[in-house]
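Remember, it's a predicted structure, so these values are computed and weren't measured experimentally. Only heavy atoms go into these numbers, but all of them, side chains included; no hydrogens, no water, no symmetry mates. So that the names make sense, note that chain A is the first sequence line, chain B the second, and so on, each numbered from 1.
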Protein chains: 2
Amino acid sequence: MGIPDRPKRTSARRPVSIQDIAEAAGVSHSTVSRALHNSDLIRPEVRLRVQQLAQKMGYIPNAVAQSLKGQRTHTVGLVISSIADPFAGRVVRGIEEIAQANRISLLLSVSYNDPERELEIIETFQRRRVDGVISATAQMRGAYVQRLTQIKMPTVMINQQADSEADRLLSVDADDYAGARLAVEHLLSLGHRRIGYLGVGNRWQSNRRRFAGYCDTLSAAGVAVNAQWVRVAPILNNPRSDDVVDGQALLPALLGSDVTAVFCYNDLIAVGALMACRELGIVVPEQMSVVGYDDVDIARYVTPPLTTVHQPKLRLGELAMQMLLDLLEGQAVHNTSLANELVVRSSTGPPPL
Amino acid sequence: MGIPDRPKRTSARRPVSIQDIAEAAGVSHSTVSRALHNSDLIRPEVRLRVQQLAQKMGYIPNAVAQSLKGQRTHTVGLVISSIADPFAGRVVRGIEEIAQANRISLLLSVSYNDPERELEIIETFQRRRVDGVISATAQMRGAYVQRLTQIKMPTVMINQQADSEADRLLSVDADDYAGARLAVEHLLSLGHRRIGYLGVGNRWQSNRRRFAGYCDTLSAAGVAVNAQWVRVAPILNNPRSDDVVDGQALLPALLGSDVTAVFCYNDLIAVGALMACRELGIVVPEQMSVVGYDDVDIARYVTPPLTTVHQPKLRLGELAMQMLLDLLEGQAVHNTSLANELVVRSSTGPPPL
DNA sequence: CACGATGGTGCACACGTGTGCAAAGAGGTG
DNA sequence: CACCTCTTTGCACACGTGTGCACCATCGTG
């Protein structure tokens, strides 16, 4: 009665397949497949019986096989430069929320801004046949972009507003240039004229945009930017650099000039600056105003609480994921740019007399 | 010459398969498969020719098909309760590093301590046939554990040292009880006798262990624990609660009693306590000592820098991933418990006279 | 009763890869 | 030359699922 050519499926405790259900129900595996998909090709009684049997046998569909057959894996690759970065954390949260709501799984990879690793990661994504990629890396090297465009894999970048070469890639970002202008205008309105900038070398695109906003705002106010006011953390071969340490090391170099306020590339740099001030006995904001960027959690908890430019991190992630989903649906999508918002706390005040 | 039964593979810009290479090289797909695996069954000239051809055609193996055939997906599911939590961030980093080194992909899922979501997540992992699971959720509900053991999926838990029901699951953790003792002993040695505890309700296992360490250490020193000294943040139905806010709200309730120091469940609670002290004009550590737990980055940056119990977060992640790999190799593995370390900074000092 | 329409089911193939086994070819030896 | 051995390759199946098409049964109608 039983067809003996199937070599004992129960051997290695393999999960039950539709074939197993088919044998148990006395139908073909096609019928089971259709029944489980509620196809109205199958007679209602059979459909119900198969479904109950599947339930009872603890059937769980094999997504690997489904991915192979249908050409969708329902998987999205996610590249970030650092998981420890609180900025990335919020963005990922937004991404994950939308992904989970749409039954998409996320493949997480951390690049540490290592070019070699970046290439490895996208090759892994290709091998795994992800439906698309979201890249929230701080820095975008030529080879990386080139590879990504070349293989025509649906991709959305976060905070990488298109310059020159990146034109063809989709992105969602918060406007760095405008954000920087908000920060510097705030300091100008408090009466500061000599305003410094502490930047980072290893995220040159966003650093350049924020720096440009800084320069243009000062120029527009009739202040000539002094090279002595600007310090940028060098690019180390060590990819695990710490922004706070950099900010702390950078600030003292500014003291030779006579700045009364400093605009920092991000909140961590700003926290470093605050710590340096404390060490040097400089009172913030009475003797020195400090502005950060990002508005990560920590900005609220340091002393004094940091005035900073709030980026809609959660929203960035949500939008990026939604955009990718739309893209996969074949809908027309367009780059999006979100506005930032100044959050005034206690690290800024009028300049000393 | 060409066999016409294959319907134009070039139609939908599908990635090249070994079949395509086989046709181009005039051999069978089996030969290509073996050649690409450097099998010495294949003649060296053919092997080289196929490899070069594969390279030239931009062949990238289909991991989905490989997963279906071989019974390994080289994928590990990762469940965490919150991505924004800085503690989780470091742990994930450790996990990811080891995973990437062993060419394992990570499927990231966030549970937000939502029981329903937890069950959905592990079902997704089952569907995707992950090789194993690492769970770093703060809280482990019965149904979750039960399901995880029941389906016999290789699993490693982080910071969930086995109580009763969880005996069968592997875990790597840092000793909460001993860590709490370190913290309280430090306060005792400074001369404090009336020491408070600020806990959390929604992570009851670890909270219970730390609280037990707190109680026992006080008792051993001959101090009777006063119920007035202990406050625990209530469990909200809102799963996105904020520890800092909780700590801030909890501290004032302690002031009625006459504690001179407070041990907090984690650094975020402690930061909230610091902020409450500042608002109330209580000087730390002169009038009140505060100790945290975890040693997340932020602990170094608040004012005053936080004395805390350092957990080897990176190491926890690395060990968990390595343990899972060993488990998959069939090696014998055993639960591991790491030691914590007290980090004395400036938020603790002798009690006021 | 014969024939067509309709609804339900199974066959067979496809997705892309890996592998046991047979077969074919080459080369050596008696 | 016949036979055996060894190397190299292809056939065929497997992994688990989905689906076009053919087949069969049943029913209705002329």
Give a yes-or-no answer on whether the side chains of Asn159(A) and Gln205(A) include a donor-acceptor pair shorter than 3.5 Å. no

How long is the gap from CD on Gln160(A) to CG on Asn335(A), to the nearest 0.5 Å? 12.0 Å

Tell me the interatomic distance from Glu23(B), atom CD, to dG16(C), atom P, rounded to whole angstroms. 12 Å

Quick check: on DNA chain D, is the nucleotide nearest Arg129(B) upstream (toward 5') of the one nearest Gly26(B), or the reverse? Name the residue that is more 5'. Gly26(B)

Nearest listed nucleotide, side chain of Ile42(B), among dT17(D), dT9(D), dT9(C): dT9(D)

Before you tell me yes or no, could you show the steps for Leu325(A) and Gln331(A) under side chain to side chain contact (heavy atoms under 4.5 Å, CB included), namely the whole-Å CA-CA distance, both residues' side-chain angles and the distance that decides it to 0.1 Å? CA-CA 9 Å; Leu325(A) 288 172; Gln331(A) 299 180 23; over 6 Å; no

Take atom CD of Glu45(A) as the centre, draw a 6.0 Å sphere, and report whether it contains more than 12 heavy atoms from other residues, nucleotides or ligands. yes

With a 4.0 Å limit, can you tell me whether Ser28(A) has a side-chain N or O closer than that to the phosphate oxygens OP1/OP2 of dG10(C)? yes

Report the distance from atom CG of Asn62(B) to atom C1' of dT17(C), rounded to the nearest whole Å. 8 Å

Please name the pair of heavy atoms, one in Val110(A) and one in Glu96(B), separated by the smallest distance, quoted to 0.1 Å. N-OE2, 3.0 Å

Pairing of Arg117(B) and Glu120(B) as salt bridge, 4.0 angstrom limit: no

Just the rounded figure in Å: distance from P of dT9(D) to CD1 of Ile21(B). 16 Å

CD1 of Ile60(B) versus C1' of dG16(C): gap in Å, rounded? 15 Å

Taking atom P of dT17(D) as reference, at what distance in whole Å does atom CG of Leu36(A) sit? 9 Å

Classify the nucleic acid contact of Val64(B) as base, sugar-phosphate or nothing, counting any heavy atom under 4.0 Å across all strands shown. nothing

Would you kindly give the CG-to-C1' distance between Leu41(B) and dA22(C), to the nearest whole Å? 14 Å

Looking only at side-chain N and O atoms, does Ser105(A) offer a donor or acceptor that is under 3.5 Å from a partner on Arg128(B)? yes

For the pair made of CZ in Arg49(B) and P in dT8(D), what is the distance, rounded to whole Å? 14 Å

Nucleotide N/O to protein N/O under 3.5 Å, stretch nucleotides 18-20 of chain C:
| residue | atom | partner | partner atom | Å |
| --- | --- | --- | --- | --- |
| dG18(C) | OP1 | His37(B) | NE2 | 2.9 |
| dG18(C) | OP1 | Gln66(B) | NE2 | 3.0 |
| dG18(C) | OP2 | Ser33(B) | OG | 2.9 |
| dG18(C) | O6 | His29(B) | NE2 | 2.9 |
| dT19(C) | O4 | Ser30(B) | OG | 3.2 |
| dG20(C) | O6 | Arg34(B) | NH2 | 3.0 |

When rounded to whole Å, the CZ to P distance for the pair Arg127(B) and dT17(D) reads 12 Å

